[in-house]
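First the proteins, then the strands, lettered A, B, ... as listed; each starts at 1.
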Protein chains: 2
Amino acid sequence: MDKDISYKDKKVISIGVMRELTGLSERQIRYYEERKLIFPERSSGGNRKYSFSDVELLMEIANKIEDGVQTFEIRQEIVKEKKKEEQKAIRKKMLQGQLNAQFGIKNYK
Amino acid sequence: MDKDISYKDKKVISIGVMRELTGLSERQIRYYEERKLIFPERSSGGNRKYSFSDVELLMEIANKIEDGVQTFEIRQEIVKEKKKEEQKAIRKKMLQGQLNAQFGIKNYK
DNA sequence: AAAAGATGTTAGATTTCCTTACGCAAGTAT
DNA sequence: ATACTTGCGTAAGGAAATCTAACATCTTTT
């Protein structure tokens, strides 16, 4: 039923690896979390875990920071994009619903 | 020029996360490495790092172990499959070479 | 000038991981 | 039947990685 979360969204990467992949310092990565730009999961012991999507997001953030954009504005942009994505998903779902209603297409896993 | 290593093959996963993803014990995971079934990279400090491909491989290994197959035999099967994959890649490359020769297709990144 | 933003750095505590080694049950070979 | 080999569990001691909190600094905003 629900879209399978691909590898890209699985939170499995430690902050150290994250540092290597993005070139950012751990301090920066934690700070961007504090500013609510990124949302890692936590291990049972409290260690942060990120996904490859997070890697991409962090790189975008880093670019904007370099351009002098403040975390505050970046957050707004992220929220805006998230909403756009959601709308896209909703439209897709609606269309799917219509198709289902008209043709009774069954879910295939 | 060289195929971009997708997320699936990037070695970024710690053994603890590996344990969660596969359901195997760390002891087992290390043991299968000792038996040369799996080949993690290492951090500068010596910590093991695995890829999502390794996760899949480990699950297959676990299945075979359950079926009573010994690590020795599993290793042979893995080697055999690796060779098959390589042959496939080589054929693909050869075909590509012919195409390049005949039509001068340029590499596009 | 004062406040806020964006980091570096340090310190002490926790968590995670490493290797080595011993133990043991079940299977295999001699 | 006895002696290895396989496939783990488990424990110990140490090293690596991460955590939070705090203080310092420099730059921008207000």
Asks: Which comes earlier along DNA chain D counting from the 5' end, the contact point of B:Ile65 or that of A:Glu26, where each point is its nearest nucleotide?
Replies: B:Ile65
Asks: I need the CD-C1' distance between A:Glu66 and C:dA6, as an integer number of Å.
Replies: 14 Å
Asks: Using the closest heavy atom to pick a nucleotide of DNA chain C for each, name whichever of A:Glu34 or A:Ser44 lands nearer the 5' end.
Replies: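 Its nucleotide being nearer the 5' end, the pick is A:Glu34.
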Asks: Return no unless some side-chain N or O of B:Gln28 is found under 4.0 Å from OP1 or OP2 of D:dC8.
Replies: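 Yes, because at least one side-chain N or O of B:Gln28 sits under 4.0 Å from OP1 or OP2 of D:dC8.
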Asks: Test of understanding: clusters of I, L, V, M, F, W, Y form through side-chain heavy atoms closer than 4.5 Å, transitively. Do B:Leu57 and B:Phe72 belong to the same one?
Replies: no
Asks: Please give, in whole Å, the distance from C:dT7 P to A:Ile61 CD1?
Replies: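 Taking CD1 of A:Ile61 and P of C:dT7, I get 11 Å after rounding.
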Asks: Taking for each residue the nucleotide of DNA chain C with the nearest heavy atom, is it B:Arg27 or B:Asn47 whose nucleotide lies nearer the 5' end?
Replies: B:Asn47
Asks: Pick from B:Val55, B:Ile29, B:Thr22: which one makes a side chain to side chain contact (heavy atoms under 4.5 Å, CB included) with B:Tyr50?
Replies: B:Ile29
Asks: Could you check whether any side-chain heavy atom of A:Arg48 comes within less than 4.5 Å of a side-chain heavy atom of A:Met18, counting everything from C-beta outward?
Replies: no
Asks: May I ask you to verify if any side-chain N or O of B:Arg35 is less than 4.0 angstrom from the OP1 or OP2 atom of D:dT6?
Replies: yes
Asks: If only side-chain N and O atoms of B:Ser25 are considered, is one of them under 4.0 Å from the OP1 or OP2 phosphate oxygen of D:dC8?
Replies: no
Asks: Please assess B:Tyr7 against A:Tyr7 for the test ring pair (Phe, Tyr, Trp, His ring centres under 6.0 Å), listing each intermediate value before the final yes or no.
Replies: CA-CA 8 Å; B:Tyr7 294 139; A:Tyr7 294 137; 9.7 Å; no
Asks: So, is A:Ser14 close to the C:dT16 phosphate, meaning a side-chain N or O under 4.0 Å from OP1 or OP2?
Replies: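 Indeed not, no polar side-chain atom of A:Ser14 lies that close.
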Asks: From CZ of A:Arg19 over to P of D:dA16, roughly how many Å is that when rounded to an integer?
Replies: 14 Å
Asks: Taking only N and O in the side chain of B:Arg42, is any of them less than 4.0 Å away from OP1 or OP2 of C:dT19?
Replies: yes
Asks: Measure the distance from CD1 on A:Ile29 to P on D:dT20 and round it to the nearest whole Å.
Replies: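 Value for this atom pair: 13 Å.
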Asks: Rounded to the nearest Å, what distance is computed from the CD atom of residue B:Gln70 to the P atom of nucleotide D:dT5?
Replies: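 In whole Å, D:dT5 P and B:Gln70 CD are 13 Å from each other.
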Asks: Would you tell me if any nitrogen or oxygen in the side chain of B:Arg48 comes within less than 4.0 Å of OP1 or OP2 on C:dC18?
Replies: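 It does, given that an N or O in the side chain of B:Arg48 lies less than 4.0 Å from OP1 or OP2 of C:dC18.
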Asks: Between B:Glu81 and B:Arg75, does any NZ, NE, NH1 or NH2 come within less than 4.0 Å of an OD or OE carboxylate oxygen?
Replies: no
Asks: With a 4.0 Å limit, can you tell me whether B:Thr71 has a side-chain N or O closer than that to the phosphate oxygens OP1/OP2 of D:dT6?
Replies: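 No, because none of the side-chain N or O atoms of B:Thr71 sits under 4.0 Å from OP1 or OP2 of D:dT6.
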Asks: Any side-chain N or O of B:Tyr31 under 4.0 Å from OP1/OP2 of D:dG9?
Replies: no
Asks: Taking 4.0 Å as the cut-off, does a side-chain nitrogen or oxygen of B:Ser43 come that near to OP1 or OP2 on D:dA17?
Replies: yes
Asks: Say whether, by atom type as modelled, one donor and one acceptor occur between the side chain of B:Lys49 and the main chain of B:Ile15 under 3.5 angstrom.
Replies: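 No, B:Lys49 side chain to B:Ile15 backbone: no donor-acceptor pair under 3.5 Å.
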Asks: Rounded to the nearest angstrom, tell me the gap between atom CZ in B:Phe72 and atom C1' in D:dT6.
Replies: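 That distance rounds to 13 Å.
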Asks: Hey, is the side chain of B:Arg30 pairing donor to acceptor with the base of C:dT19 inside 3.5 Å?
Replies: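 Result: no qualifying N/O pair found.
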Asks: Rounded to whole angstroms, how far apart are OH on B:Tyr32 and P on D:dT6?
Replies: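 For the pair B:Tyr32 OH and D:dT6 P, the rounded distance is 14 Å.
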Asks: Between C1' on D:dT6 and NZ on B:Lys64, what's the gap in Å once rounded to a whole number?
Replies: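 Distance, rounded to whole Å: 18 Å.
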